[in-house]
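For the numbers below, each heavy atom of this structure counts, side chains included, while hydrogens, waters and symmetry mates do not.
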Amino acid sequence: MHSTYSITLLWDEHRHGYSAYCPELPELSAFSSSPATAAAGIETQILARLDEMHGRGDTPPAPRHCVSFSGQFRLRLPKSLHAALSREAEDEGLSLNGYIQYLLAARYTSTKTVQPSTLHRIDDIQETVRLIQDRVDSLTFTQEEYPSFLWNNESASTISLQ
């Protein structure tokens with residue numbers, strides 16, 4: 001017999017195996033080197049807990065069901081935040097909806113684990129940026145050589161066309 005409750009399987013790097021959880025019954029968990037065995041273990045615990053609850057006359061939590069999402073939801077904002085986000089969206093050349101999607105996606109992806117191969121690419125990009133910055137910093141020229149440029153000597157970072 002199978003329950004209709006959700007099972008979440010996660011790889012546990014520290015224990016080198018799979019942890020299984022039931023979101024509706026968060027006190028339950030199982031572990032195994034095999035995902036199938038971990039899932040079977042949590043399923044056994046779910047059924048035992050449901051029998052136990054039934055025997056005591058307790059009402060078990062409702063199982064989560066697969067739900068299709070429309071991709072839309074309403075969000076009420078303070079007027080000041082709405083105005084600030086609208087201005088930022090305009091500055092970025094985006095609709096407010098597109099800008100908020102961008103912000104949410106950026107926040108969501110920043111919480112995900114970065115893969116080792118991605119870390120190497122990030123290191124390569126940072127090294128390339130450092131090399132470019134070193135080359136730009138080493139450039140020197142005089143006002144006589146380039147009379148149409150005005151060099152801001154205080155910050156040594158701004159060139160403007162006259």
A.B. asks: Enter the distance from Tyr102:OH to Glu92:CD here, rounded to the nearest 0.5 Å.
C.D. replies: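 Separation between the atoms: 7.0 Å.
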
A.B. asks: Give me the atom names and distance for the closest heavy-atom approach of Ala30 to Ala38.
C.D. replies: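 Minimum heavy-atom separation between Ala30 and Ala38: CB-O, 3.6 Å.
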
A.B. asks: Backbone N or O of Ala62 within a donor-acceptor pair of the Glu24 side chain at under 3.5 Å?
C.D. replies: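 Absent.
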
A.B. asks: Please tell me whether Tyr18 and Leu10 are part of a single hydrophobic cluster in this structure, the criterion being side-chain heavy atoms less than 4.5 Å apart.
C.D. replies: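 No, it is not one cluster - the side chains of Tyr18 and Leu10 are not joined through contacts under 4.5 Å.
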
A.B. asks: Does a side-chain N-to-carboxylate-O contact under 4.0 Å join Glu52 and Arg49?
C.D. replies: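 Judged by the 4.0 Å cut-off on N to carboxylate O distance, Glu52 and Arg49 do form a salt bridge.
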
A.B. asks: Taking atom CG of Leu50 and atom CG of Asp58, what is their separation to the nearest 0.5 Å?
C.D. replies: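 Taking CG in Leu50 and CG in Asp58, the distance rounds to 11.0 Å.
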
A.B. asks: Should Tyr5 and Met53 be counted in the same cluster of Ile, Leu, Val, Met, Phe, Trp and Tyr side chains packed under 4.5 Å apart?
C.D. replies: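 No, because Tyr5 and Met53 fall into different hydrophobic clusters, even though each may have its own neighbours under 4.5 Å.
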
A.B. asks: Would Leu9 and Trp11 show up in the same hydrophobic cluster when neighbours are defined by side-chain heavy atoms closer than 4.5 Å?
C.D. replies: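 Leu9 and Trp11: separate clusters.
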
A.B. asks: How many angstroms lie between atom OG of Ser32 and atom CZ of Arg15, to the nearest 0.5 angstrom?
C.D. replies: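 One finds 10.5 Å between OG of Ser32 and CZ of Arg15.
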
A.B. asks: Please examine the side chains of Tyr21 and Leu28, heavy atoms only from C-beta on, and report whether any two atoms are closer than 4.5 Å.
C.D. replies: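 SC-SC contact between Leu28 and Tyr21 ruled out.
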
A.B. asks: Between His82 and Pro78, is there a side-chain heavy-atom distance shorter than 4.5 Å?
C.D. replies: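 Side chain of Pro78 against side chain of His82, heavy atoms only: no contact under 4.5 Å found.
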
A.B. asks: Any link between Ile42 and Leu47 through a network of hydrophobic side chains (Ile, Leu, Val, Met, Phe, Trp, Tyr) touching at under 4.5 Å?
C.D. replies: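 Looking at the clustering, Leu47 is in a separate group from Ile42.
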
A.B. asks: Using a 4.5 Å cut-off on heavy atoms from C-beta on, say whether the side chain of Leu85 contacts that of Glu88.
C.D. replies: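 A side-chain contact exists here, since the closest heavy-atom pair is under 4.5 Å.
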
A.B. asks: Contact between Asp12 and Phe31 at the side-chain level, heavy atoms closer than 4.5 Å - yes or no?
C.D. replies: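 Of all side-chain heavy-atom pairs linking Phe31 with Asp12, at least one is under 4.5 Å.
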
A.B. asks: If you measure from NE2 on His54 to OG1 on Thr59, what distance do you get to the nearest 0.5 Å?
C.D. replies: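 Rounded to the nearest 0.5 Å, the NE2-OG1 separation comes out at 11.0 Å.
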
A.B. asks: Going by heavy atoms in the side chains, are Gln45 and Leu25 under 4.5 Å from each other?
C.D. replies: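 No; the side chains remain at least 4.5 Å from each other.
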
A.B. asks: Taking all heavy atoms of Ala20 and all of Ile7, pick out the closest pair and write down the distance.
C.D. replies: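 Taking Ala20 first and Ile7 second, the nearest heavy atoms are CB-CG2, 4.5 Å.
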
A.B. asks: Atom CG in Leu94, atom CD1 in Ile100: separation rounded to 0.5 Å?
C.D. replies: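 CD1 of Ile100 is found 11.0 Å from CG of Leu94.
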
A.B. asks: To the nearest 0.5 Å, how far apart are NE2 in His14 and OG in Ser19?
C.D. replies: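 Answer for the NE2-OG pair, His14 versus Ser19, is 10.5 Å.
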
